[in-house]
Amino acid sequence: MQTIAETTKEGKRIIVKKPELLAPAGSLDKLKVAVHYGADAVYIGGREFGLRSNADNFSIDQMREGVQFANKYGAKVYVTTNIYAHNENMDGLEEYLRDLQDVGVTGIIVADPLIIETCKRVAPKVEVHLSTQQSLSNWLAVKYWKEEGLHRVVLAREVSLEEMLEMKKNVDIEIETFVHGAMCISYSGRCVLSNHMTARDSNRGGCCQSCRWEYDLYETNEDGEKALFNPDDAAYTMSPKDLNLVQAIPKLIEAGIDSLKVEGRMKSIHYVATVTSVYRKVIDAYCADPENFVIDKSWLDELEKCANRDFAPQFFEGKPTFEEQMYGTHPKRTKYDFAGLVLDYDAETSMVTLQQRNHFKPGDEIEFFGPEIENFVQTVGTIWNEDGDELDAARHPLEIVRFKVDRPVYPQNMMRKEVR
């Protein structure tokens with residue numbers, strides 16, 4: 001069993017080797033935000049061989065720029081190549097894997113054995129990480145993939161802490177597990193609803209998220225169809241609550257889990273920044289003083305400020321029940337809008353220059369946050385555009401505006417506004 005790298009300082013236990021915080025990056029902008037807000041690594045998708053065909057995804061040149069940016073801050077880049085490939089999907093695979101090695105990505109996340117073996121042969125410098133698409137859920141299977149030469153395994157989302165401990169006890173290999181984000185209604189994403197309903201293949205990057213749709217329930221019998229609902233009933237969905245293991249981070253660290261993964265390559269930069277920054281704070285605080293660690297309620301409140309469904313620990317503590325499933329009308333969970341991205345700050349005039357992302361106006365109460373500052377709230381005063389004209393509101397998407405702020409802010413800090 002792998003032991004935790006730790007030391008003592010002035011009689012206080014300190015965990016030296018922290019788990020990797022792995023954040024989603026569906027675009028180059030999101031990659032930069034994730035690294036800026038504390039990610040140790042990001043996972044991205046190329047324009048081929050991945051499962052998020054609707055994300056912006058990266059060209060080879062964008063990957064090169066992303067890797068160079070990440071490396072400058074000591075972060076790593078992994079590329080998803082996790083489709084279940086059909087014959088027509090294999091053209092260009094060897095060239096693509098060589099390109100990934102050439103641009104310097106640390107590893108690929110892969111499910112198909114052919115892609116695994118091809119990468120080992122043509123791009124040996126690239127680490128091979130087994131995708132969650134392989135539904136890895138027992139230690140003997142972990143041992144098998146270790147013997148196949150893989151560097152890391154990404155566990156099925158249906159694995160409990162007890163099962164993780166058994167894996168770490170029996171096999172010396174890096175283990176990555178999801179800690180936050182959307183859950184799939186099907187076992188580790190092995191779903192054909194999208195294929196059936198829209199001819200978009202879930203396991204080749206085309207999932208239309210059929211399970212999130214609203215359904216009416218019927219029973220078919222000899223007399224035809226019989227409704228199993230009343231007209232006033234809320235529609236039914238097959239949507240699980242979102243995974244949230246922020247309060248379980250101490251258990252995961254003590255279990256020796258190597259990488260803690262956040263789901264959400266399709267989510268906004270506000271989501272990436274908010275979730276990454278919270279998990280960064282929790283990991284750092286626990287490792288610095290595990291014996292006296294206490295969850296700060298402000299961390300939990302922060303996670304409520306970005307787009308999400310209701311939260312649940314899902315399979316981490318055992319089999320989930322109907323309590324971890326979403327039924328009926330879904331109340332809007334997000335109480336804040338992402339309102340602006342800081343571009344610049346003038347210390348002499350206390351003026352911030354930011355890019356508008358949602359409507360705000362003078363008199364609105366807004367909140368700034370970022371890794372360099374403590375969150376602070378203030379009221380918006382007079383707003384000016386780039387030409388110095390006074391505005392009654394910042395209403396145009398991506399408009400560059402300026403106004404006075406109460407405290408210093410930094411580029412890549414963000415501004416949000418509570419929805420009332």
_Quick check with a 6.0 Å cut-off and a 45 degree axis cone: is Arg416 positioned over the face of Phe338's six-membered ring?_
no
*So, Lys361 and Asp364, do they make that salt bridge, N to O below 4.0 Å?*
yes
*Does the Glu163 side chain pair with the main chain of Ser160, one donor and one acceptor, at a distance under 3.5 Å?*
yes
_Partners passing salt bridge (Lys or Arg N to Asp or Glu O under 4.0 Å) against Lys76 (at least two apart in sequence or in another chain)_ = none
*Are Asp289 and Arg13 ion-paired here, with the side-chain N under 4.0 Å from a carboxylate O?*
no
*asked:* Less than 3.5 Å apart, any donor N or O on the side chain of Tyr336 or Glu302 sitting next to an acceptor on the other?
replied: no
_Less than 3.5 Å apart, any donor N or O on the side chain of Asp296 or Ser298 sitting next to an acceptor on the other?_
yes
*Can you check whether Phe69 and His36 have ring centres sitting under 6.0 Å from each other?*
no
_For Asp102, is there an ion pair with Arg98 - N to carboxylate O distance below 4.0 angstrom?_
no
*What residues form a side chain to side chain contact (heavy atoms under 4.5 Å, CB included) with Ala339, not counting sequence neighbours?*
Phe360, Met415, Lys417
_If the condition is side chain to side chain contact (heavy atoms under 4.5 Å, CB included), which residues does Arg395 pass it with, not counting sequence neighbours?_
His359, Asp392, Ala393
*Establish, from distance only, whether the side-chain atoms of Gln134 and Asn82 form a donor-acceptor pair under 3.5 Å.*
no
*Give a yes or no on whether Lys404 atom NZ has more than 12 heavy-atom contacts from other residues, nucleotides or ligands under 6.0 Å away.*
no
*asked:* Can a side-chain donor-acceptor contact be found between Arg357 and Ser268 if the only test is distance below 3.5 angstrom?
replied: no
*Has Glu372 got more than 12 heavy atoms of other residues, nucleotides or ligands less than 6.0 Å from its CD?*
yes
_N-O pairing of Lys305 and Asp301 below 4.0 Å_ = no
*N-O pairing of Lys143 and Glu148 below 4.0 Å*: no
_Taking Glu65 first and then Lys32, would you say they form a salt bridge - that is, a charged N and a carboxylate O separated by under 4.0 Å?_
yes
*Starting at NZ of Lys169, measure out to CH2 of Trp139 and round the result to the nearest 0.5 Å.*
9.5 Å
*How would you list, by chain and number, every residue that makes a salt bridge (Lys or Arg N to Asp or Glu O under 4.0 Å) with Glu365, sequence neighbours excluded?*
Arg420
*Of the options Ile173, Asp258, Val142, which is the one that meets Lys168 in a side chain to side chain contact (heavy atoms under 4.5 Å, CB included)?*
Asp258
*Measure from the side-chain N and O atoms of Asn413 to the backbone N and O of Val409, and report whether any donor-acceptor pair falls under 3.5 Å.*
no
_Exercise: do Tyr279 and His180 side chains pair donor with acceptor under 3.5 Å_ = yes
*According to the interplanar angle, ranging from 0 to 90°, do the rings of Phe369 and His270 count as parallel (below 30°), tilted (30 to 60°) or perpendicular (above 60°)?*
perpendicular
*Using the test salt bridge (Lys or Arg N to Asp or Glu O under 4.0 Å), find all partners of Asp61 that sit at least two apart in sequence or belong to another chain.*
Arg64
*Excluding sequence neighbours, so at least two apart, what forms side chain to side chain donor-acceptor pair (under 3.5 Å) with Lys319?*
none
*Any chance you could measure Tyr345, atom OH, to Thr353, atom OG1, to the nearest 0.5 Å?*
11.5 Å
